[in-house]
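Taking it in order: structure first as structure tokens, then the write-up.
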Amino acid sequence: MGQQKKMVDDITSMDEDFAKWYTDVVKKAELIEYTSVKGCMVIRPYGYAIWENIQATLDRMFKDLGHENVCMPMFIPESLLNKEKDHVAGFAPEVAWVTYGGNEKLEERLCVRPTSETLFCEHYKSIIQSYRDLPKLYNQWVSVVRWEKTTRPFLRSREFLWQEGHTIHASAEEAKEETIRMLNVYEDFCENYLAMPVVKGVKTEKERFAGAEDTYTIEALMHDGKALQSATSHYFGDGFAKAFEIQFADKDNKLKYPFQTSWGATTRLIGAIIMTHGDDNGLVLPPKIAPTQVVIIPIAAHKEGVLEKAEELRARLSKTCRVKCDTTDNSAGWKFAEYEMKGVPLRLEIGPKDIENNQCVIVRRDNREKYFVPLDELETKIPELLELVHKGIYEKAFNRRAEMTFVAKTFDELKDIADNKPGFIKAMWCGERECEEKLKEIAGVSSRCIPFEQEKISEKCVCCGRPAKDMLYWGKAY
RNA sequence: CGGGACGUGGCGAAGUUUGGUAUCGCGCUUGGUUUGGGACCAAGAUGCCGCUGGUUCGAGUCCAGUCGUCCCGACCA
């Protein structure tokens, strides 16, 4: 049997210190361990299993839309990184460089990829000649490195795992469609698999990805009222194609520049799950990505027949769900606390009394509701309960977001909300960068996105009073 | 990169002011009793006190440097 480590120290409560609560959960649920390199963490089996489930689901969604997986190198020569000037300006400050190979100093230093646009461009240039070669719908699952100054597990590490999709199309329209299609995939995934409501929209020019024409985002609201950008999708136009001289012969036999997109989601999603659903007892995992969906706890396991029954149920239920049976000799109470901390959606208790009545007790992680379930109904009841947990945590998150979303019509209102009420602020904006910067500087909020679902809150910009263009979500962000 | 806190068995801490035998709780090992909300008894094992140098008869403690971690800002997935 595995380790039987005891977690006697309580998790710091969220209200007391949210940041401490977060690191407590991350450590005590055994998701990560720190290493000797700042910002580089070990993702432990339980944490990695969550990522594998995220990965498996997204990968299937991508492939259903015709995307293919590839794998680019980890190194980018400096000259290649330098080709698109906005792009390099955006990333240069945070790249790690390789300057030696063995004992030899390299003639040209290599950066460890912070993102792979340049590599994809170089590759596309060499494989695309004709419109018949388009589109290419590529994706890769790799890690990237960004030398961040401040690091936090999952939310900001120097190396992180992600997928980056890179597509290239014959027309701008097709590329734009792809950008939105993938944004919708992320929204679908967050809401229906992670039970996490998101706001979908486009970034302002100031917040745009380096080298993109448009950056689309889904923004989620964490328990403490801070926003988290959970995935992005970029439309590049033909800017990269021009910088990298990618051209194709179209049907009319004229050389044209193709249009590109890129889109990504990272291990940050695990941080989002923790901070969206977690509570003072620890993690609460969305059933669809929980490594263990049901944990069986034998009660009075020394009594005759209990362990056998528990094991029999485990074998039976493994066809229905991801199930685990804890047969260690820790006390039942210890196990209850342990699996609550690990966020397992359902706990199944089976003891002598239950066996006598041919039933078991099932307890939901999200609200601790208790169900007595006849053993022969488990195959139907468990999927139902998992679905209820999914809906329960989605609704809780949705309602909390609604309670923490405020409307500001004037600068003073906005400042007051920003200072006193954590959450999203909806306010009108004139479109000027100056106002955006002023709100950041004076109220401490950044623009999260211009949501697709617009509301006309007022006619005037919340900052300068001039005629407003759009309604924006503002907030403090991770 | 600025401001703050910190580094002592696996984990969490005390000890540092005033230099003098390395402490406590948890975990771990063995045996026994327990088991429906973090059980108990007994016996054990585990320390380059972050690292380097200095002061001193003697340094976890004082001095200098260095590395790293966490939190709050600025920047970022």
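Side chains included, hydrogens not; waters and symmetry mates left out as well; all remaining heavy atoms used. Quick note on labels: first sequence line is chain A, next is B, and so on, each numbered from 1.
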Q.
Can you tell me if A:Ser331 touches the phosphate of B:rA39, counting only side-chain N or O atoms and a distance under 4.0 Å to OP1 or OP2?
A.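 Yes, because at least one side-chain N or O of A:Ser331 sits under 4.0 Å from OP1 or OP2 of B:rA39.
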
Q. Does the side chain of A:Ile350 reach to within under 4.5 Å of the side chain of A:Leu313, using non-hydrogen atoms?
A.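 Yes, close enough: below the 4.5 Å cut-off.
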
Could you tell me which residues satisfy side-chain hydrogen bond (donor to acceptor under 3.5 Å, both in side chains) with [X], sequence neighbours excluded, listed by chain and number?
X	result
A:Ser143	A:Glu159
A:Asp416	A:Asn420
A:Lys226	none
A:Tyr186	A:Gln163

Integer angstrom distance from the [atom1] of [N] to that of [M]:
N	M	atom1	answer
B:rG53	B:rU61	P	14 Å
B:rU55	B:rG10	P	32 Å
B:rU16	B:rU52	P	24 Å
B:rG50	B:rA59	P	15 Å
B:rU17	B:rC6	P	15 Å
B:rG20	B:rA74	C1'	48 Å
B:rG19	B:rA5	P	23 Å
B:rG7	B:rA77	P	34 Å

Q) Got a sec, which pairs hit salt bridge (Lys or Arg N to Asp or Glu O under 4.0 Å) with one end in residues 259-275 of chain A, sequence neighbours left out? A)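 Counting only pairs at least two positions apart or across chains, no salt bridge (Lys or Arg N to Asp or Glu O under 4.0 Å) contact touches residues 259-275 of chain A.
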
Counting Watson-Crick and G-U wobble pairs only, both distances under 3.5 Å, name the nucleotide matched with [N], or none.
N	answer
B:rA43	B:rU29
B:rC48	none
B:rC1	B:rG73
B:rG7	B:rC67
B:rG38	none
B:rC57	B:rG20

Taking [atom1] from [X] and [atom2] from [N], how many angstroms apart are they, rounded to a whole number?
X	N	atom1	atom2	value
A:Met341	B:rC11	CE	P	16 Å
A:Arg146	B:rC75	CZ	P	16 Å
A:Asp326	B:rG36	CG	C1'	15 Å
A:Arg44	B:rC11	CZ	P	11 Å
A:Lys342	B:rG37	NZ	P	22 Å
A:Lys335	B:rA39	NZ	C1'	13 Å
A:Trp147	B:rG68	CH2	C1'	13 Å
A:Leu348	B:rG36	CG	C1'	13 Å

Q. Parallel, tilted or perpendicular: which fits the ring planes of A:Tyr235 and A:Phe259, with parallel below 30° and perpendicular above 60°?
A.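 The arrangement is parallel - the two ring planes meet at less than 30°.
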
Q: Tell me yes or no: between the side chains of A:Glu164 and A:Ser116, is some donor less than 3.5 Å from an acceptor?
A: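 Side-chain D/A pair, A:Glu164 to A:Ser116: present.
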
Q.
If only side-chain N and O atoms count, and only distance matters, is there a donor-acceptor pair under 3.5 Å linking A:Glu117 with A:Ser262?
A.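 Result is yes, a qualifying pair exists.
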
Touch check for [X], heavy atoms < 4.0 angstrom, all strands: base, sugar-phosphate only, or nothing?
X	result
A:Arg158	nothing
A:Gly351	base
A:Glu94	sugar-phosphate
A:Glu148	base
A:Val361	base

Q: List in numerical order all residues of residues 277-314 of chain A for which some heavy atom is under 4.0 Å away from an atom belonging to RNA chain B.
A: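 Contacts with RNA chain B under 4.0 Å: A:Ile299, A:Ala300, A:His302.
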
Q) With nearest nucleotides of RNA chain B determined for A:Ile350 and A:Trp162 from heavy-atom distances, which residue corresponds to the more 5′ nucleotide? A)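 Counting from the 5' end, the first nearest nucleotide belongs to A:Ile350.
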
Q.
Quick check on RNA chain B: between A:Phe91 and A:Glu349, whose nearest nucleotide comes earlier from the 5' end?
A.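 By nearest-heavy-atom nucleotide position, the 5'-most residue is A:Glu349.
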
Listing, residues 276-287 of chain A side-chain donor-acceptor contacts under 3.5 Å, not counting sequence neighbours, or none:
residue: A:Thr276; atom: OG1; partner: A:Ala272; partner atom: O; Å: 2.6
residue: A:His277; atom: NE2; partner: A:Leu194; partner atom: O; Å: 2.7
residue: A:His277; atom: NE2; partner: A:Ala195; partner atom: O; Å: 3.3
residue: A:Asp279; atom: OD1; partner: A:Asn281; partner atom: N; Å: 2.8
residue: A:Asp279; atom: OD1; partner: A:Gly282; partner atom: N; Å: 3.3
residue: A:Asp279; atom: OD1; partner: A:Arg365; partner atom: NH2; Å: 2.8
residue: A:Asp279; atom: OD2; partner: A:Arg365; partner atom: NH1; Å: 2.9
residue: A:Asp280; atom: OD1; partner: A:Met14; partner atom: N; Å: 2.8

Using nucleotides 70-74 of chain B, report all nitrogen or oxygen pairs with the protein that are shorter than 3.5 Å.
residue: B:rC71; atom: OP1; partner: A:Arg152; partner atom: NE; Å: 3.2
residue: B:rG73; atom: O6; partner: A:Thr150; partner atom: OG1; Å: 2.8
residue: B:rA74; atom: N6; partner: A:Thr150; partner atom: OG1; Å: 2.8

Would you be so kind as to tabulate the donor-acceptor pairs closer than 3.5 Å made by side chains of residues 83-90 of chain A, with sequence neighbours excluded?
residue: A:Glu84; atom: OE1; partner: A:Asp86; partner atom: N; Å: 3.1
residue: A:Glu84; atom: OE1; partner: A:His87; partner atom: N; Å: 2.8
residue: A:His87; atom: ND1; partner: A:Ala210; partner atom: O; Å: 3.1

**Q.** A:Trp334 side-chain proximity, nearest of B:rG38, B:rA77, B:rG37
**A.**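 Given the options B:rG38, B:rA77, B:rG37, the side chain of A:Trp334 is closest to B:rG38.
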
Q: Compare the ring of A:Phe160 with the six-membered ring in the base of B:rA77 and state whether they stack (centres under 5.5 Å, planes under 30°).
A: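 Here A:Phe160 meets both the 5.5 Å and the 30° conditions.
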
**Q.** Electrostatic pair A:Arg208:A:Glu205 at N-O distance under 4.0 angstrom
**A.**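 The answer is no: the pair does not qualify as a salt bridge.
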
Q. Quick one: the side chain of A:Asp354 and the base of B:rG36, do they pair up donor-acceptor inside 3.5 Å?
A.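 Such a pair is found, so the answer is yes.
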
